[in-house]
Colleague: 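First the structure, then my questions, so here it is.
Count residues from 1 along the sequence. Each ligand, and each atom within it, is numbered from 1 in the order the structure gives.
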Amino acid sequence: MLSVKKLHTEYPDDRGQVVKAVQDVSFDVPEGKLFTLLGPSGCGKTTTLRSIAGLERPQSGEIAVPGTVVYSSEKNIFIPPNKRNFGMVFQSYAIWPHMNVFQNAAFPLDVGSRKFSKKEIEERVMRVLSAVGLDGFAGREATKMSGGQQQRLALARALVMEPKLLLLDEPLSNLDAKLRERMRFELKRMQRELGLTTIYVTHDQSEALALSHEIAVMSAGHIVQIGSPRDIYERPRNKFVADFVGLTNFLEATVEAPEPNNSGYRVDSSIGRLSVTSLDQFAKGDVVLISVRPEDIELYEQRPDGLNVIEGKVDLKVFLGEYMDYQIKVGEHQVLARVHSSFKAPVGDTAYLKMNPEKCITIQDDAQYRKAA
Ligand SMILES: Nc1ncnc2c1ncn2[C@@H]1O[C@H](COP(=O)(O)OP(=O)(O)OP(=O)(O)O)[C@@H](O)[C@H]1O
Ligand SMILES: [Mg+2]
């Protein structure tokens with residue numbers, strides 16, 4: 001549905017130099033899917049979205065939807081934003097305070113190049129207001145609505161032109177935690193029901209994991225990994241992704257031998273010998289980094305049977321309701337384990353870590369991305 005190829009977008013900075021905001025960014029979004037650009041502040045998410053919308057003019061690359069190339073440096077094509085028929089909700093969504101809900105939602109139809117009859121406007125506006133659950137509010141002054149309702153109104157306004165593509169830049173950023181979670185579900189339901197091809201921008205990893213069919217993790221202008229939420233979370237390809245998306249423990253290790261029974265290796269890690277899983281090929285003696293998520297570590301008071309059992313001492317514990325975080329000291333290293341609150345070892349006691357080899361994965365170290373971010 002949308003294809004972005006080798007996109008480069010730059011800005012001039014104050015001192016006459018260039019800021020390479022987006023570099024060599026390529027991805028495809030299938031029809032009806034929600035694709036997320038995820039990354040820390042300044043990594044180039046908004047710039048990518050604005051380039052797709054036509055609000056920025058890239059240096060090079062190609063952006064196309066079926067049947068239309070909207071930007072191509074090679075073919076010298078640049079279709080202006082109002083001709084692209086994309087709907088957009090900006091990072092700081094703006095509703096018009098002097099208009100009521102109906103007038104706000106109808107605004108793009110009033111100002112667009114195509115003329116709509118009064119009846120057509122009425123039909124379209126009521127359809128999108130009902131899609132976002134605001135059909136009962138049409139006559140209400142827009143400022144007399146809650147933040148979440150205003151957010152939905154901004155979304156209705158983006159939908160009213162029936163865009164081929166919906167571009168959402170942190171559309172839930174101004175809401176409190178509870179409302180954000182509820183809107184997350186509503187947005188997901190609406191996107192799926194209406195089959196809207198959507199590009200979603202966020203720096204919030206849990207939002208990205210909850211909403212997306214596919215996620216592109218960005219760092220310093222580059223895409224560093226593209227995959228399903230599960231791929232990104234369970235199989236991060238590099239240190240930046242493992243660190244940015246969720247909590248993890250990093251362990252330095254040296255490869256000892258391939259593991260005959262699975263697609264992995266035996267390694268000597270900073271906390272002891274482990275069996276680990278890998279998508280990469282290593283030789284004996286290679287230095288690798290192991291990532292293991294806190295929730296993938298089991299804790300026992302008595303030594304359990306099986307692979308990857310390491311003895312440590314409880315150093316600190318934090319009660320978090322349903323679960324608890326334990327800092328376990330193994331030699332000089334601290335390992336974070338997140339376990340059910342029913343595990344109750346006191347600080348100073350011995351605890352045994354047990355890690356499923358499938359959950360201990362090797363990742364590529366990528367110092368340059370971490371520095372640049
Ligand atoms: N108009 C501009 N002029 C100059 N530099 C800019 C401009 N807009 C963005 N930049 C720079 O381009 C880079 C990418 O910015 P962008 O707004 O795309 O980041 P972002 O990922 O959306 O961040 P955030 O999460 O904070 O919104 C940053 O280094 C930023 O300072
Ligand atoms: Mg932004």
Colleague: Run the salt-bridge test on Lys6 and Glu62 with the 4.0 Å N-O cut-off and return the result as yes or no.
Modeller: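 So Lys6 does not pair with Glu62 through a salt bridge.
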Colleague: Under a plain distance cut-off of 3.5 Å, with no hydrogens placed, do Glu322 and His340 share a side-chain donor-acceptor pair?
Modeller: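 On atom types as modelled, these side chains do not qualify, holding no pair under 3.5 Å.
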Colleague: I'd like to know if the side chain of Ser51 pairs up with that of Thr9 as donor and acceptor (distance under 3.5 Å, no hydrogens or angles considered).
Modeller: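 Yes, side-chain donor-acceptor contact under 3.5 Å.
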Colleague: Between Val19, Asp14, Asp169, flag the one that comes closest to atom 11 (C) of ligand 1 by a heavy atom.
Modeller: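 Among Val19, Asp14, Asp169, the closest heavy atom to atom 11 (C) of ligand 1 belongs to Val19.
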Colleague: Nearest heavy atom to atom 17 (O) of ligand 1 wins, so pick from Leu37, Thr46, Val22.
Modeller: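 Shortest heavy-atom distance from atom 17 (O) of ligand 1: Thr46.
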Colleague: Checking Tyr200 against Gln191: is there a side-chain donor and acceptor pair closer than 3.5 Å?
Modeller: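 Judged by distance alone, the side chains do not pair up.
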Colleague: Is it the case that Thr362 and Ser278 place a side-chain donor and acceptor less than 3.5 Å from each other?
Modeller: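 Side chains of Thr362 and Ser278: pair found under 3.5 Å.
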Colleague: Please confirm whether Pro12 comes within less than 3.5 Å of ligand 1 when only nitrogen or oxygen atoms on both sides are compared.
Modeller: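 No, Pro12 has no N/O under 3.5 Å of an N/O on ligand 1.
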Colleague: Side chains of Thr47 and Tyr11: any donor to acceptor distance under 3.5 Å?
Modeller: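 Per modelled atom types, Tyr11 and Thr47 side chains form a pair under 3.5 Å.
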Colleague: So is Gly39 touching ligand 1 or not, going by heavy atoms under 4.0 Å?
Modeller: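 No; Gly39 lies far enough from ligand 1 that no heavy-atom distance drops under 4.0 Å.
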Colleague: The Mg ion (ligand 2) and Ser41: any N/O/S contact shorter than 2.8 Å?
Modeller: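 Within the cut-off used here (under 2.8 Å), Ser41 places no N, O or S atom near the Mg ion (ligand 2).
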Colleague: Does the N or O separation between Gly44 and ligand 1 drop below 3.5 Å for any pair?
Modeller: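 Between Gly44 and ligand 1 (N or O atoms, distance only) the closest approach is under 3.5 Å.
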Colleague: Can you sort out which atoms of ligand 1 are near Ala21, meaning under 4.0 Å from one of its heavy atoms?
Modeller: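 Ligand 1 atoms under the 4.0 Å threshold to Ala21: 12 (O), 13 (C), 14 (C).
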